[in-house]
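Report on one structure; see the data block that follows.
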Amino acid sequence: MNRAIRIGLIAEGEAELGVSIPYIKPEDGGKLIERDREGALHTIIRREINNLGLLDCDFVQRHPSISESRVFKRRVGHSILDPKYLAQVIIAWKPEEVDMILIVVDADDKLHQRQIDLERALNKIRDNHLDVNEQKISDRSAGGLAIKNFEMWLLADTQTVSSILGVELEPLENLEELDGGKGILENAIAQSTYLSENSSNQRPLQIRWKLAFEIDLAIIKNRCPNGYAIFAQHLVAATTVVANSIAGT
């Protein structure tokens with residue numbers, strides 16, 4: 001049987017997930033996210049998976065946590081690394097809803113601590129990701145650390161970004177040590193007339209999403225070797241396991 005791989009993606013906010021992170025209604029948890037509501041990170045991940053020539057993928061909306069349902073708020077930022085929160089999210093997904101679970105966080109200026117936090121988060125995911133027999137699944141998850149933040153991944157292919165936005169960007173060196181990535185991209189978007197017909201506050205998200213379709217993934221790997229390249233390796237490994245399992249059912 002061939003079908004799309006179903007992915008549960010946990011990330012920090014709208015820059016990565018676009019408009020797919022509204023205040024989630026309980027009845028929407030576990031459902032596929034419509035592709036026109038995906039964000040830049042969804043697109044980059046799908047491109048990596050499609051490049052394997054295996055299966056397509058869909059992303060699955062998470063179930064709101066107990067506290068989110070109670071106070072009607074959404075969980076973003078580094079709080080997604082909270083072990084108790086993660087356990088709730090992972091347990092809430094039914095085995096038939098997700099095949100693979102991914103988590104991506106920004107390192108910001110706390111690289112060493114974020115590495116520790118991400119490893120702890122992956123262990124929590126693997127402790128709570130269960131199959132239909134309630135056995136732990138340890139080889140169908142992957143974590144990514146955006147150094148210093150997700151915007152650096154989008155900016156890595158500076159030439160393409162500059163061309164699409166119609167804005168000249170200065171050469172950016174040593175991306176994983178560079179400060180101000182968010183500001184650089186935000187300023188470029190503010191100066192650009194690209195998608196200027198969209199005057200809503202969703203325009204920056206729409207532009208990030210469009211960039212994700214066009215930027216060269218090989219360049220991101222080359223320029224972000226300790227963040228994106230490692231995440232891509234782990235993504236490929238987990239995807240291969242899932243694809244082989246689906247093909248064998």
Side-chain angles (χ1 to χ4, degrees), residues 7 9-18 21 39-49 51 75-83 85-86 100-126 141-162 165 169-189 204-205 207-209 211-239:
I7 300 174
L9 175 61
I10 302 168
E12 295 188 77
E14 292 179 328
E16 296 88 351
L17 302 177
I21 55 166
L41 184 56
H42 297 109
T43 299
I44 289 173
I45 290 170
R46 178 178 287 111
R47 289 180 62 198
E48 287 287 359
I49 290 175
N51 284 345
R75 180 66 72 99
V76 296
H78 291 310
S79 54
I80 65 171
L81 292 168
D82 178 71
Y85 168 77
L86 272 178
M100 179 166 66
I101 298 173
L102 306 175
I103 182 169
V104 176
V105 296
D106 288 348
D108 293 326
D109 292 315
K110 303 176 181 178
L111 177 58
H112 180 64
Q113 184 58 50
R114 289 288 173 252
Q115 289 171 327
I116 294 172
D117 293 342
L118 181 60
E119 188 61 33
R120 185 182 297 124
L122 281 169
N123 289 334
K124 180 60 67 172
I125 288 171
R126 289 161 183 163
S141 52
L145 195 61
I147 307 170
K148 292 186 176 182
N149 48 54
F150 177 66
E151 280 75 9
M152 291 305 188
W153 291 1
L154 296 178
L155 285 167
D157 184 4
T158 309
Q159 184 174 348
T160 296
V161 174
S162 179
L165 296 184
L169 294 173
E170 294 184 6
L172 303 175
E173 303 296 335
N174 302 317
L175 285 186
E176 295 188 324
E177 299 176 8
L178 184 67
D179 292 321
K182 289 184 180 180
I184 292 170
L185 184 58
E186 287 171 358
N187 289 337
I189 290 173
L205 297 182
I207 289 177
R208 283 173 167 82
W209 188 40
L211 291 176
F213 284 97
E214 302 298 335
I215 51 179
D216 190 321
L217 301 181
I219 292 177
I220 309 178
K221 294 184 180 78
N222 182 55
R223 303 198 67 198
C224 302
N226 299 308
Y228 184 76
I230 291 176
F231 169 61
Q233 290 173 6
H234 294 162
L235 171 63
V236 167
T239 301

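Because the structure is a prediction, the values reported are computed rather than measured. No hydrogens, no waters, no symmetry mates; every other heavy atom, side chains included, goes into these values.
Between Leu81 and Ala121, the closest heavy-atom pair is CD2-CB, 3.8 Å. The two atoms that bring Lys124 and Leu86 nearest to each other are CG-CB, 4.1 Å, heavy atoms only. Taking every heavy atom of both residues into account, Leu205 and Ala15 meet most closely at CD2-N, 4.0 Å. The two atoms that bring Leu235 and Ala142 nearest to each other are N-CB, 4.0 Å, heavy atoms only. Shortest non-hydrogen contact noted between Lys221 and Ala232 is CE-CB, 3.8 Å.
The side-chain heavy atoms of Asp179 and Lys148, taken from C-beta on, include a pair separated by under 4.5 Å. Proximity of Asp106 to Arg114: side-chain heavy atoms (C-beta onward) are nowhere separated by under 4.5 Å. Counting only heavy atoms from C-beta outward, the side chains of Tyr228 and Leu175 never approach each other to under 4.5 Å. Side-chain atoms of Ile7 and Arg46, non-hydrogen and from C-beta on, never get closer than 4.5 Å to each other. At least one side-chain heavy atom of Val161 sits less than 4.5 Å from a side-chain heavy atom of Leu169.
In this structure, the side chain of Asn222 does not engage the main chain of Ala218 through any donor-acceptor pair within 3.5 Å. No donor-acceptor distance shorter than 3.5 angstrom exists from the side chain of Asp157 to the backbone of Ile219, with no hydrogens or angles considered. The backbone N or O of Asn226 lies less than 3.5 Å from a partner atom in the side chain of Glu176, making a donor-acceptor pair. For Glu16 (side chain) and Gly13 (main-chain N/O), a donor-acceptor pair under 3.5 Å exists by modelled atom type. Side chain of Asp82 to main chain of Tyr85: a donor-acceptor pair is present (N/O by atom type, distance under 3.5 Å, no hydrogens or angles). A distance-only check finds no donor-acceptor pair linking the side chain of Ser162 to the backbone of Gln159 [under 3.5 Å]. The backbone N or O of Leu185 sits nowhere less than 3.5 Å from a side-chain atom of Arg208 that would complete a donor-acceptor pair.
Between Trp153 and Phe231, the ring-plane angle classifies as parallel under the 30° and 60° cut-offs.
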